K.L.:
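Quick one: the structure is below, and I'll ask about it shortly.
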2 protein chains.
Amino acid sequence: MDRERKDTDRELIGAWTKRCYFAGRAVMDSALRPYDLGSVQWYVLYQLATAGPTMQRDLVRLLTIERATMTGIVATLVRKGLVGQEPDRVDQRQKLLRITATGAKLWGELPDLSFIRSVAFDGIDEADIAVAVRVLQTATERLENQLQKGTAS
Amino acid sequence: MDRERKDTDRELIGAWTKRCYFAGRAVMDSALRPYDLGSVQWYVLYQLATAGPTMQRDLVRLLTIERATMTGIVATLVRKGLVGQEPDRVDQRQKLLRITATGAKLWGELPDLSFIRSVAFDGIDEADIAVAVRVLQTATERLENQLQKGTAS
DNA sequence: CCAATTTTGCTAGCTACCTAGCAAATACGT
DNA sequence: ACGTATTTGCTAGGTAGCTAGCAAAATTGG
């Protein structure tokens with residue numbers, strides 16, 4: 001691999017990272033559209049259906065998104081009647097989320113989404129995937145670190 | 001690498017792709033916030049400052065986003081007075097975009113953003129980056145393909 | 001030359017992300 | 001016990017993405 005190729009990959013990786021993220025979301029969104037569910041709404045439902053009632057702030061940590069973002073997603077699910085939200089008994093600041101009967105019924109009707117991962121990665125060398133994960137993880141950690149420094153000023 | 005590790009990487013790559021994309025955008029957004037510019041607004045300005053006046057629909061293809069998304073971004077830049085938008089002489093459907101004097105002035109004041117790529121990828125083996133690009137590109141192409149099929153039904 | 005099709009950009013309405021700043025509740029240190 | 005932190009979730013306002021459907025302009029095929 002010559003020098004030019006190297007430079008090109010460094011320039012391309014950002015664009016492909018973005019495009020891959022949106023392509024995956026597009027397939028997921030399109031599979032969920034008949035059920036009027038977004039990709040993150042699906043994930044919240046998955047968590048509540050699978051692990052049982054969960055504190056909103058724990059879900060924030062699981063998804064690594066901002067509290068304000070979660071507020072909106074939960075509000076949508078509550079409005080649709082799929083999720084219940086009530087203050088925790090002992091810590092009144094926290095909200096406990098719990099899937100409703102309607103939510104559980106919908107969850108049971110949803111298609112299996114594992115085909116998405118298969119479509120994307122079947123047949124790709126597992127070692128290559130491991131390398132990709134390492135690169136993405138390293139870059140992410142450095143960027144998040146940089147953000148701390150940049151914001152701290 | 002054992003079987004468990006393999007499965008784990010396949011489960012992780014989606015999450016890290018998303019997180020890496022948002023981490024990069026966060027650093028970019030934070031560098032541009034003092035100038036009241038978003039990351040894609042920056043890219044449009046970059047294109048117009050570097051390559052000269054450009055047709056809106058060509059920019060749509062360059063960025064691989066939807067026409068409706070571009071409409072909004074251009075509207076914002078026009079509202080801020082940084083970009084001019086006028087119908088093309090020969091094809092009245094198309095809009096020609098051109099950086100304004102104000103836009104060019106702002107462009108001249110913007111900081112160099114190449115530090116972002118350096119922070120993220122300096123010191124990472126170029127061969128690993130190449131592998132990551134290949135994995136992301138392959139997955140993206142397959143997912144975009146799948147979307148065609150899923151939508152065509 | 002004209003009808004049908006394609007291209008382009010728009011609006012409306014949605015998801016999902018963010019920051020900034022607020023208020024209430026809890027935790028902590030003296 | 002009490003004042004100061006910190007934690008949690010909220011609102012407001014902005015960016016960037018999407019689909020669906022419209023209207024105008026251009027292209028294409030008979």
Side-chain angles (χ1 to χ4, degrees), chain A residues 18-44 54-61 63-80 85-97 144 147 150-151, chain B residues 18-44 54-61 63-80 85-97 144 147 150-151:
Chain A
K18 171 179 178 180
R19 217 167 135 181
C20 190
Y21 162 64
F22 280 109
R25 244 192 71 178
V27 173
M28 192 165 171
D29 285 344
S30 125
L32 292 173
R33 193 157 309 125
Y35 307 91
D36 195 30
L37 266 191
S39 50
V40 181
Q41 293 171 40
W42 178 91
Y43 190 90
V44 171
T54 305
M55 227 60 102
Q56 183 165 329
R57 78 108 198 280
D58 291 330
L59 223 29
V60 162
R61 284 167 189 174
L63 298 187
T64 333
I65 59 180
E66 290 302 314
R67 297 193 315 270
T69 304
M70 186 55 83
T71 297
I73 288 155
V74 168
T76 303
L77 288 166
V78 169
R79 181 171 45 71
K80 291 180 183 169
Q85 183 194 40
E86 46 180 318
D88 181 58
R89 290 282 169 74
V90 300
D91 186 343
Q92 296 284 131
R93 288 172 304 184
Q94 297 188 46
K95 304 291 183 71
L96 186 63
L97 305 180
E144 288 177 349
L147 197 59
T151 305
Chain B
K18 172 180 177 180
R19 219 168 134 181
C20 189
Y21 162 63
F22 280 109
R25 244 193 71 177
V27 173
M28 193 165 171
D29 284 344
S30 125
L32 291 174
R33 192 156 311 125
Y35 307 91
D36 195 31
L37 264 191
S39 51
V40 181
Q41 293 171 39
W42 178 89
Y43 191 89
V44 171
T54 305
M55 227 59 101
Q56 183 164 328
R57 78 110 198 280
D58 292 330
L59 224 29
V60 162
R61 285 167 188 173
L63 298 187
T64 332
I65 59 180
E66 290 302 315
R67 298 194 310 275
T69 304
M70 187 55 82
T71 297
I73 288 156
V74 168
T76 303
L77 288 167
V78 168
R79 181 172 45 71
K80 291 180 183 168
Q85 183 193 41
E86 47 179 318
D88 181 58
R89 289 284 168 75
V90 300
D91 186 343
Q92 295 285 129
R93 290 171 305 182
Q94 296 189 46
K95 303 292 183 71
L96 186 62
L97 305 180
E144 288 177 349
L147 198 59
T151 306

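What you are looking at is a predicted structure, and each value in this text was computed from that prediction instead of being measured. The figures that follow rest on heavy atoms only: side chains count, while hydrogens, waters and symmetry mates do not. Naming: A, B, ... by sequence-line order, numbering from 1 per chain.
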K.L.:
Can you tell me how far P of C:dA25 sits from NZ of A:Lys95, to the nearest Å?
P.N.:
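Taking atom P of C:dA25 as the reference, NZ of A:Lys95 is at 11 Å.
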
K.L.:
In Watson-Crick or G-U wobble terms, both distances under 3.5 Å, what is the partner of D:dA5?
P.N.:
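Here D:dA5 is not engaged in any pair, so there is no nucleotide opposite it.
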
K.L.:
Enter syn or anti for the glycosidic conformation of D:dA5, syn applying to angles within 90° of 0.
P.N.:
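With its glycosidic angle within 90° of zero, D:dA5 counts as syn.
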
K.L.:
So what does B:Arg61 hit on the nucleic acid, given a heavy-atom distance under 4.0 Å: a base, only sugar-phosphate, or nothing?
P.N.:
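Here B:Arg61 touches the backbone only, sparing every base.
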
K.L.:
A:Ile73 or B:Met70: which one's nearest nucleotide on DNA chain C is closer to the 5' end?
P.N.:
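The residue closer to the strand's 5' end, by nearest nucleotide, is B:Met70.
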
K.L.:
Without decimals, in angstroms, what is the distance between B:Gln85 CD and C:dG9 P?
P.N.:
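In whole Å, C:dG9 P lies 8 Å from B:Gln85 CD.
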
K.L.:
Distance check: side-chain N/O of B:Gln94 vs OP1/OP2 of D:dA25, anything under 4.0 Å?
P.N.:
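B:Gln94 to D:dA25 OP1/OP2: no side-chain N or O under 4.0 Å.
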
K.L.:
Identify whether any heavy atom of B:Tyr43 sits under 4.0 Å from a base atom; if not, whether one sits that close to sugar-phosphate; answer base, sugar-phosphate or nothing.
P.N.:
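Contact class for B:Tyr43: none.
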
K.L.:
What is the distance, rounded to the nearest whole Å, between atom CG of A:Leu96 and atom P of C:dA25?
P.N.:
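That distance rounds to 18 Å.
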
K.L.:
Using purine N1 to pyrimidine N3 plus N6-O4 or O6-N4 for Watson-Crick, or N1-O2 and O6-N3 for G-U wobble, each under 3.5 Å, what pairs with D:dC10?
P.N.:
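Across any shown strand, D:dC10 pairs with C:dG21.
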
K.L.:
Hey, does A:Gln56 have a side-chain heavy atom less than 4.5 Å from the side chain of A:Thr71?
P.N.:
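They are in contact (side-chain heavy atoms under 4.5 Å apart), so the answer is yes.
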
K.L.:
In whole angstrom, what separates A:Ile65's CD1 from C:dT15's P?
P.N.:
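Roughly 14 Å, once rounded to whole Å.
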
K.L.:
Could you work out which one of D:dC10, D:dT8, C:dC10 sits closest to the side chain of A:Arg57?
P.N.:
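Of D:dC10, D:dT8, C:dC10, D:dT8 is nearest to the side chain of A:Arg57.
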
K.L.:
Take the protein atom CD of A:Gln56 and the nucleotide atom P of C:dA25, then report the distance between them rounded to whole Å.
P.N.:
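Result: 16 Å.
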
K.L.:
Does the base of C:dT7 carry an N or O that pairs as donor and acceptor with the side chain of B:Arg93 under 3.5 Å?
P.N.:
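Pair found.
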
K.L.:
Pick the closest DNA chain D nucleotide for B:Leu37 and for B:Asp88 by heavy atoms, then say which residue is nearer the 5' end.
P.N.:
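Looking at the nearest nucleotide for each, B:Leu37 comes out on the 5' side.
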
K.L.:
Report which part of the nucleic acid A:Ala75 touches: base, sugar-phosphate, or nothing (heavy-atom distance under 4.0 Å, all strands).
P.N.:
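No contact.
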
K.L.:
Heavy atoms only: give me the nearest A:Ile73-A:Val40 pair and the separation to one decimal.
P.N.:
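That closest heavy-atom pairing would be CD1-CG1, 3.5 Å.
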
K.L.:
Which pair of non-hydrogen atoms, one from B:Ile65 and one from B:Met70, has the smallest distance, and what is that distance?
P.N.:
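In this case the closest contact between B:Ile65 and B:Met70 is CD1-CE, 3.8 Å.
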
K.L.:
Under 4.0 angstrom, heavy atoms only, what part of the nucleic acid is B:Ala26 near: base, sugar-phosphate, or nothing?
P.N.:
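Nothing, no nucleic acid heavy atom in range.
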
K.L.:
Counting heavy atoms from C-beta on, name the nucleotide in C:dC17, D:dC10, C:dT11 closest to the side chain of A:Ala68.
P.N.:
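Nearest nucleotide to the side chain: D:dC10.
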
K.L.:
For residues B:Ser39 and B:Met28, report the shortest heavy-atom separation together with the two atoms involved.
P.N.:
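Minimum heavy-atom separation between B:Ser39 and B:Met28: O-CE, 3.6 Å.
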
K.L.:
In whole angstrom, what separates B:Lys18's NZ from C:dA16's P?
P.N.:
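These atoms are roughly 9 Å apart.
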
K.L.:
Between A:Arg89 and A:Glu66, name the one whose nearest nucleotide on DNA chain C is closer to the 5' end.
P.N.:
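It is A:Glu66, whose closest nucleotide lies nearer the 5' terminus.
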
K.L.:
Of all the heavy-atom pairs spanning A:Met55 and A:Leu96, show the shortest one and how long it is.
P.N.:
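Distance-wise, the nearest heavy atoms are SD-CD1, 3.7 Å.
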
K.L.:
Kindly give the heavy-atom pair with the smallest separation between B:Leu32 and B:Leu37, and that separation in Å.
P.N.:
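Scanning both residues, the minimum pair turns out to be CB-O, 3.2 Å.
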
K.L.:
Please give, in whole Å, the distance from C:dA25 C1' to A:Met55 CE?
P.N.:
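Computing the A:Met55:CE to C:dA25:C1' distance gives 14 Å.
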
K.L.:
Between C:dA16, D:dG17, C:dT15, which nucleotide has the shortest distance from any of its atoms to the side chain of B:Tyr21?
P.N.:
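The closest nucleotide is D:dG17.
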
K.L.:
So B:Arg67, base contact, sugar-phosphate only, or nothing? Heavy-atom distance under 4.0 Å.
P.N.:
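If one applies the 4.0 Å heavy-atom cut-off, B:Arg67 turns out to touch a base.
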
K.L.:
Measure the distance from CZ on B:Arg25 to P on D:dG14 and round it to the nearest whole Å.
P.N.:
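After rounding, the reported distance stands at 16 Å.
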
K.L.:
Please state whether the phosphate of C:dA16, meaning OP1 or OP2, lies under 4.0 angstrom from any side-chain nitrogen or oxygen of A:Ser39.
P.N.:
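Indeed, a polar side-chain atom of A:Ser39 lies that close.
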
K.L.:
Which comes earlier along DNA chain D counting from the 5' end, the contact point of B:Thr69 or that of B:Gln92, where each point is its nearest nucleotide?
P.N.:
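In this pair, the answer is B:Thr69.
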
